[in-house]
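Here the structure comes first, spelled out in structure tokens, and everything after it is commentary.
Ligands are counted one by one from 1 in listed order, and the atoms in each one are counted from 1 as well.
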Amino acid sequence: MTTQLASRRYLVDIDSISAQQLFTDCLVIGTGIAGLRAAIETAEHRNVIIVCKGKVKDSNTFKAQGGIASVLDEADTFESHIADTLKTGCGICDEDVVDLVVRQGPELIEQLLGWDTEFDLAGSRVATTLEGGHSHPRVAHAHGDETGRIIAEALIRKVRQNSNIRILEDFYSIDLLTNHENKCMGVIGWDNQRGPQVIWAAKTILATGGVGRLYRETTNPEGATADGIAMAYRAGAVMQDLEFVQFHPTTLYIAGATRALITETLRGEGAVLLNNKGRQFMKDYHEAAELAPRDVVSRAILDQMRKSESTHVHLDVRHFDKAYFAKRFPWINELLGSFDIDIGKDLVPVRPSAHYMIGGVKTDNSARTSIDNLYACGEIASTGLHGANRLGSNSLLEGLVFGKIAGQAVSKSTKATAAHLKHPLIKYQIAPSDRTRLDADDVRNSLRALMWRNVGITRSDQPLSEAQEIIRFWQRYVMDKVFDSPEGWECQNMLTASLLITQSAQKRQESRGVHFRRDFPDTDNEHFKKHIELTR
Ligand code: SIN
């Protein structure tokens with residue numbers, strides 16, 4: 001299923017001769033687990049520039065709590081992890097990709113240990129715990145609930161030690177550059193110190209992460225504004241499964257607090273959900289109760305909130321030993337303490353929020369996109385691993401495995417060096433807009449509220465149509481402008497990606513995994529056991 005949509009090719013004027021220029025064998029955009037791992041692998045044979053729009057630590061990876069799923073215990077098997085992933089993915093996982101990712105997990109985690117990643121241990125082996133949908137405790141964690149930070153710091157150390165890798169922070173990638181054959185040639189970006197800059201690259205790896213900031217409620221950091229999706233779409237890449245946005249059931253809901261993730265591993269270790277009458281309700285919705293798949297738990301919470309006209313439900317952790325809780329969940333312990341929540345006495349107010357983009361830029365088993373010289377890995381990529389629903393903690397695993405695969409593919413490809421770059425002159429000019437007044441912040445906030453309301457945990461046709469109409473209206477006066485700062489480009493990217501997500505959600509006239517249609521509550525295998533693709 002493919003749709004043609006038209007829009008401006010580049011967001012800014014480009015004069016590739018007068019812009020400052022850098023040359024590299026491989027450009028990696030993004031410094032989460034996938035980008036860092038890809039840079040390390042590529043740098044075995046090629047030189048690499050890795051860029052990020054903020055600081056190297058500003059990633060979803062850094063905030064990941066629960067862990068990384070893998071078969072690390074003798075009582076567990078690859079077959080079981082594969083079966084759990086396929087079951088959660090509701091019929092549309094790519095089975096080869098699932099097999100490949102699951103089987104590479106233990107070796108790559110072993111490698112991380114060798115790179116001084118301090119996973120929590122149980123005796124001499126890596127400790128593992130349970131999350132929803134896993135039939136075996138296989139979620140490895142580090143420093144309790146700081147798994148992402150510990151893994152990212154190990155990879156950053158490794159990247160910094162590598163003389164083949166140059167890191168550029170505060171570099172905002174505006175657009176992928178393509179030649180007349182639509183081969184990717186690198187990127188036009190904005191360097192905070194130097195202004196506009198072209199990076200010509202023989203190969204480019206997109207690892208820009210997620211889209212959570214398209215929603216009013218999200219676990220994602222400020223940078224998750226869907227830049228990679230919008231950029232790749234403008235360049236003509238095929239997008240896949242954008243309707244599958246995963247909502248995490250439990251984020252802290254306190255007015256004034258950021259919507260911090262309250263890790264699912266808490267429920268894996270016995271925390272229960274209570275409604276505002278203090279009743280445990282998950283058994284009413286699923287036999288696995290608190291450990292049901294995330295989409296089921298999110299919708300159950302939403303249902304309870306509606307029934308009781310409440311803004312949240314509660315997570316009960318009062319039965320945990322306080323000393324154990326502080327050691328096992330140090331980050332959450334400190335966070336709750338800072339809001340005077342005494343875990344021995346108080347309930348934790350929680351509600352769902354946008355967490356993870358399952359779809360993205362379509363890639364093959366070698367992380368190649370539909371555009372020559374352009375690869376993608378991590379959350380931005382749609383590899384087919386997750387199908388219609390992602391099994392908890394399979395995302396760090398996917399980033400690690402496909403980061404390596406992308407790096408291998410680039411470093412093995414012949415002529416993938418800056419010396420072979422035959423880049424064209426690119427001159428692109430946009431007619432000046434006569435609509436000058438715009439409060440981009442207001443557009444962003446309104447968009448996030450609209451996405452939450454109309455394209456959220458449950459969907460139906462009329463609100464999806466309304467959302468598209470409103471987004472197109474906003475696009476009329478936002479997309480014709482030429483901004484000169486990341487805030488404006490982000491706003492344009494957010495509008496583009498939101499429209500694509502909304503269109504995909506309207507096309508999938510069934511419910512499957514994280515995509516729930518109130519007007520089509522059943523799964524329709526006859527018509528929709530397939531992917532939905534969008535391209536420019
Ligand atoms: C969590 O810790 O609950 C999140 C882990 C994930 O999203 O896989």
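Arg328 and Asn333 share no donor-acceptor pair across their side chains, judged by distance under 3.5 Å alone.
No side-chain heavy atom of Thr128 sits less than 4.5 Å from a side-chain heavy atom of Val139. Side-chain contact between Arg279 and Asp284 is present, with at least one heavy-atom pair separated by less than 4.5 Å.
Taking only nitrogen or oxygen atoms, main chain and side chain alike, Thr263 reaches within less than 3.5 Å of ligand 1.
Within the listing of ligand 1, atoms 1 (C), 2 (O), 3 (O) sit less than 4.0 angstrom from a heavy atom of Glu264. Ligand-side atoms of ligand 1 in range of Gly392: 8 (O), range being under 4.0 angstrom from any heavy atom. Heavy-atom contacts of Ser393 reach the following atoms of ligand 1: 6 (C), 8 (O) (cutoff under 4.0 Å).
For Arg294, the heavy-atom gap to ligand 1 drops under 4.0 angstrom. Ligand 1 lies within reach of His355, whose nearest heavy atom is under 4.0 Å from it.
Ring centroids of Phe528 and Phe520 are separated by 6.0 Å or more, keeping the two rings apart.
Exactly one residue among Arg318, His319, His314 makes a side-chain hydrogen bond (donor to acceptor under 3.5 Å, both in side chains) with Asp316. That residue is Arg318.
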